[in-house]
Structures are given as C-alpha cells and as structure tokens.
Peer 1: 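Take a look at the following structure, please.
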Protein chains: 2
Amino acid sequence: MPTSTVEQYIKIIYTQREHLGEGVVPMKRLSEAMGVTPGTATTMVKHLDEVELVRYQPRQGVLLTEKGENLALRMLRRHRLIETFLEQVLGYDWSEVHADAERLEHAVSDRFIDKLEDYLGYPEVDPHGDPIPTASGAIEPAIGIPLNTCAPGRRVQIARLIDDDTDFLVYMKNSMIVPGQDFGVRENSAVAGTVTIEHLATRRVVTVGFEPAGRILVSEHG
Amino acid sequence: MPTSTVEQYIKIIYTQREHLGEGVVPMKRLSEAMGVTPGTATTMVKHLDEVELVRYQPRQGVLLTEKGENLALRMLRRHRLIETFLEQVLGYDWSEVHADAERLEHAVSDRFIDKLEDYLGYPEVDPHGDPIPTASGAIEPAIGIPLNTCAPGRRVQIARLIDDDTDFLVYMKNSMIVPGQDFGVRENSAVAGTVTIEHLATRRVVTVGFEPAGRILVSEHG
DNA sequence: TATTATATTTTGAGCAGTCAAAACACTGCG
DNA sequence: CGCAGTGTTTTGACTGCTCAAAATATAATA
C-alpha cells in the first residue's frame, strides 16, 4: 500500500510530465512542484524506482512505469471526483476546492470513490473539464485544442482548463472562461504574446497571455 | 496544528473515559484501544501532557484538559457527520462505515464539515443515535437510559447504540435494534446475565447479554 | 510479610520523510 | 581547453511515531 506521500509524488510526476509534453521529468521541476528540496526528491525517487513505480535515470529525470501510471490515474480519478463533489454538491467556490480535494484524495477508500461516482451520476469530466478516469483506469484522451492555436475569426467553446492553480482558475472563472461557454477569437498575436477573445453571450472582451492560453483547451465550431 | 495521530489519541481518550463512567483512563486501556504497545502510549501521553491536551498522572492514567475536550468534540463532530453522510447519502452499509469515517475525519477541513452539516440539514444525531456536537462545541447530554436498567413489562424505544464496534452494530441492526424501533421488555435477569426484549412490530424476540444491553440506550414510554 | 502477578515506564532501535549544506557532474562559454 | 554556473546527489542530522524487551512499580494473594 503506497503512503500518501508516495501517491502525491506519483500524481505530480504524471501531471508534470503531461505539462512537459514529453521526455523525462527533471528533478528540479519535481522538487519544486512537490515543495521539497531537491535532495529530498532524489531520495524519494530512488525509493520509487526500487518499488517499480518509476524509472529513474540519474542526472536525467524520472518517468512513470506502467504501475506508476495506474496509480497516477487512480489518484486523478479520486481528485476529480472529489472536486466535482465539493463544487456541485457542497457548493464550494472554485478558489477553495483544490486544497481540500488534495487532502481528501489520500484518505478515501476505493469503495468511497466508487459510491461517490455513482451518486454523482458517472460524470465524464470535472468542473474544469478534466476527464475523469474510470474505475478500470481508462481515461478519455484530451479533447480540444489549445486556445493559442486558434486563428482570429473562429468561434470556439471552452472545453477544459488545464491547471490546478487556484489563482488561474478563479481569474478564468471571473472572465467567464469556464467549460461550455462560447467565445469568438478576435486576435491571436504571437508577437504581442496575447490572445484576445470575446464572450459571445455578454460581448465581454478578454485578453490573456499566450502561455496561459495554451492551458485553455477549446473546440472550434463555425 | 495537531497531527492525525494526536487527534486519534484524544478521541479515544474521550470515548474510553465516557465508557468508563469516571476516573482517569489507564494506560492499558488506552494502548489497547489505540492498537499500540503500552510503551508507545506512555511516550505519546507524556507528549500530550506537555502540549496541555491531557493531564497525565504517571502510573495512574490520563484525563483530557479543557483544550483536549474541545479537540475531542471536534473529532466526534467530524466522525458523526461523516458517518451520517456515508450511510444516508452514499448508501454505506453499517458494517462498512466505521473504517472509512475513521480515515476521513482526520483529512477534512472545518469548512468541509460545516458545509456537509448544512447539506445534511443539521442532524442532531448520527444513524446510531449518537449526538452530534455543534460547530461551537456544544453537545447534547446523553438521552435515554441503559436497557439493562429497564424492568420487565416496560415499553421502550431504542435511542442510541453506544459503540463503534462493527460486529456489535451489525448484530444489533440485524436484530432490529436501531434507533427509533419500539420494544417490550420481557425479562431482565441479572442472575442469568441477559435481557430479553420483543420487537413490537414483528413480535420478534431477542436476548442480549447484560453488558451489551448497557450500551443500548432507550427511552421508556408506557 | 514475602511472593507473585500485572500494569507501567524506560531504553535502544527502526522507518518514513524531511532539511541544510557539502560534494559532484554536466552544460556552455570565453 | 579550462572555468563558471546550474542542476543533482550525497551526507549527516532531525522529527514523529512505532516496537521489543528490560526494568520498575503497584496490587493481590498466600
């Protein structure tokens, strides 16, 4: 049985890897995401390698094994179902959800999660549009394309916000950038480093930086 | 901020003390209830004394301070609200509830508990009839009298089952002994060490030992 | 009172996770 | 090539919690 610290490392390695696109996750990145010193991360990762959850290449970085990936998906499933519950049932605000979910996900049993999923009606995505892995570990591939790849003039619908940072999420919510909302792309300037979109329902115009726009996935239509 | 181990010790000291009726809680009892060796309990209790959560009298036992009592009530509140949620909302069976609640209660925030309480509609007791302390730490005094003090012929209603032991609770549930059910007392024999009651709705007769009957609280009526 | 049983405390050790700081290994640049 | 800067690993130490086993105190019984 993995400790909750191990669970946390594995989850972070998974999401950092996703964030990175490809290649191994370097120690600096891991230690920063975990909020520990680099030496601590090294020690831990050597242990994780021994128990076959990761493959550790000294001085390069770390990758999840199949076993590690399974654990990561189980954690993601927990996290996202709990987030959905906190927001939709208990009425949490977006700014409050993450911290509580983070603590709960290490304390709940599989039974709890399965019953919670049933109670919630088997949602496919959480409130930020992140897909929820099934009990068997299946996960939908990311749908949508990054907003910063959309040409001006296109109409897009927000599909997913890829980030657990509270400030990011709250800002997006306040700008109506939540899954399901329709926008028109007004401008996309790599030079200026910004993407400008207009909320179709309210005519409200929002400009976001190029980098954050990459973490907003949309589906194009029209 | 107390660790979850500390929280657990404090909760156990509270309930063992309640179980005992009065006096200090001896180390043997504490260590057994905690599932640790006596030496471990001693070490821990000395620490708890230092941080003013308990008063530790060497070779006698341990008592909660005011501060400790407050923490215990906060844990009881968590535990009982979570149990109520697991059973009434997620559909847990009585036999499954305890273990999961025990792990969750150390992981949830005050915010979570307050929102959960609101969602559940501010219940006053959990499914076993145990009173739920309020956010301010107030708790209803135990209502009801022990079943083993009831004379034959009386009609009683189950008010509360004082025990967290899964086997005890499951047995009682299978015998219809759950809060709200009406019974007639048929026999109460200190000599035989048994109490025999009849479930009025089904005419079913159940005999329980004298000791367990002391952990069944009832209200007399008629 | 002396002896035995039982409860309790002490001691020494170990595990998981962490840090600070020193040692080390790779860039890449002059 | 040699050296600086950055990222990485090693080392030694500490905290919180635990155990096993030895030492000690208390209570019970003969």
Side-chain angles (χ1 to χ4, degrees), chain A residues 1-13 16-17 19-20 22-64 67-68 71-72 75 102-103 105-107, chain B residues 1-13 16-17 19-20 22-64 67-68 71-72 75 102-103 105-107:
Chain A
M1 202 82 326
T3 65
S4 53
T5 311
V6 167
E7 289 176 346
Q8 191 61 19
Y9 272 92
I10 295 299
K11 204 187 69 181
I12 294 281
I13 292 169
Q16 287 304 313
R17 169 63 208 274
H19 224 271
L20 232 48
E22 58 165 15
V24 300
V25 179
M27 300 316 274
K28 192 180 186 216
R29 200 174 178 116
L30 175 57
S31 63
E32 271 167 11
M34 279 298 299
V36 299
T37 60
T40 302
T42 299
T43 312
M44 190 55 178
V45 149
K46 290 206 297 209
H47 168 67
L48 294 178
D49 185 279
E50 249 153 43
V51 297
E52 316 259 56
L53 283 167
V54 307
R55 239 189 40 248
Y56 166 51
Q57 292 150 331
R59 309 221 164 243
Q60 312 281 301
V62 73
L63 264 191
L64 293 182
K67 193 174 153 196
L71 179 54
M75 296 317 295
E102 196 90 341
R103 296 177 58 201
E105 68 192 14
H106 303 295
Chain B
M1 201 81 335
T3 65
S4 53
T5 311
V6 167
E7 288 177 346
Q8 191 61 18
Y9 272 92
I10 296 300
K11 203 188 67 179
I12 294 281
I13 293 169
Q16 287 303 313
R17 169 63 209 275
H19 225 270
L20 233 49
E22 57 165 14
V24 299
V25 178
M27 299 317 274
K28 195 186 183 210
R29 202 174 176 115
L30 175 57
S31 62
E32 271 168 9
M34 279 297 299
V36 299
T37 59
T40 302
T42 299
T43 312
M44 188 58 177
V45 149
K46 289 206 296 209
H47 167 68
L48 294 178
D49 185 278
E50 250 153 41
V51 297
E52 316 260 54
L53 283 166
V54 306
R55 245 196 28 254
Y56 166 52
Q57 292 150 330
R59 307 215 166 249
Q60 312 280 301
V62 72
L63 263 190
L64 293 181
K67 193 174 152 197
L71 178 54
M75 296 316 295
E102 196 88 345
R103 297 177 57 201
E105 68 193 14
H106 303 296

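Bear in mind the structure is a predicted one, so any value in this text is a computation, not a measurement. Scope of the values below: all heavy atoms of this structure, side chains included, with no hydrogens, waters or symmetry mates. Below, read A as the first sequence line, B as the second, and so on, with proteins coming before strands; counting in each chain starts at 1.
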Peer 1: A/Leu48 has an atom CG; how far is it from atom P of C/dT18, in whole Å?
Peer 2: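 Between P of C/dT18 and CG of A/Leu48: 11 Å.
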Peer 1: Roughly how far apart are B/Glu7 CD and B/Met75 CE, rounded to 0.5 Å?
Peer 2: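 Answer for the CD-CE pair, B/Glu7 versus B/Met75, is 4.0 Å.
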Peer 1: Looking only at heavy atoms, what is the nearest atom pair of B/Val45 and B/Val54, with distance?
Peer 2: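 Nearest pair, atom of B/Val45 first, then B/Val54: O-CG2, 3.9 Å.
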Peer 1: Under a 4.0 Å heavy-atom cut-off, which of residues 3-12 of chain A touch DNA chain D?
Peer 2: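 Those residues whose heavy atoms fall under 4.0 Å from DNA chain D, taken from residues 3-12 of chain A, amount to none.
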Peer 1: Starting at CD of A/Gln57 and ending at P of D/dT9, how long is that distance when rounded to a whole Å?
Peer 2: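 So the CD-P distance, A/Gln57 to D/dT9, works out to 11 Å.
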Peer 1: Ignoring hydrogens, what is the shortest heavy-atom contact between B/Leu63 and B/Gly23? Give both atom names and the distance.
Peer 2: CD2-O, 3.8 Å
Peer 1: How many whole angstroms separate atom CG of A/Leu30 from atom P of C/dT18?
Peer 2: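 To the nearest whole Å, that distance equals 11 Å.
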Peer 1: Rounded to the Å, how far apart are A/Glu32 CD and C/dC19 C1'?
Peer 2: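 It works out to 16 Å between those atoms.
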Peer 1: CZ of B/Arg59 versus P of D/dT26: gap in Å, rounded?
Peer 2: 6 Å
Peer 1: To the nearest Å, how far apart are B/Met27 CE and D/dC19 C1'?
Peer 2: 15 Å
Peer 1: What is the separation between atom NZ on A/Lys28 and atom P on D/dT8, rounded to the nearest whole Å?
Peer 2: 8 Å
Peer 1: Any side-chain N or O of A/Tyr56 under 4.0 Å from OP1/OP2 of D/dT8?
Peer 2: no
Peer 1: Does one side chain, of A/Thr43 or A/Thr40, offer a donor that lies under 3.5 Å from an acceptor on the other?
Peer 2: no
Peer 1: Rounding to an integer number of Å, can you tell me how far A/Gln60 CD sits from D/dT9 C1'?
Peer 2: 14 Å
Peer 1: So which heavy atom on B/Val25 is nearest to which on B/Ile13, and how close?
Peer 2: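 Closest approach of B/Val25 to B/Ile13: CG2-O, 3.9 Å.
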Peer 1: Can you confirm whether A/Leu64 sits close enough to A/Leu53 that some side-chain heavy atom of one is under 4.5 Å from a side-chain heavy atom of the other?
Peer 2: no
Peer 1: To the closest 0.5 Å, what do you measure between CD (B/Gln8) and CE (B/Met34)?
Peer 2: 5.0 Å
Peer 1: For the residue pair A/Gln57 and A/Val24, establish whether any side-chain heavy-atom pair is separated by less than 4.5 Å.
Peer 2: yes
Peer 1: How close do A/Pro26 and A/Leu20 get, counting heavy atoms only, and between which atoms?
Peer 2: CD-CD2, 4.0 Å
Peer 1: Which residues in residues 33-47 of chain B have at least one heavy atom lying under 4.0 Å from any atom of DNA chain D?
Peer 2: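 Per residue number, the list reads B/Gly35, B/Val36, B/Thr37, B/Thr40, B/Met44.
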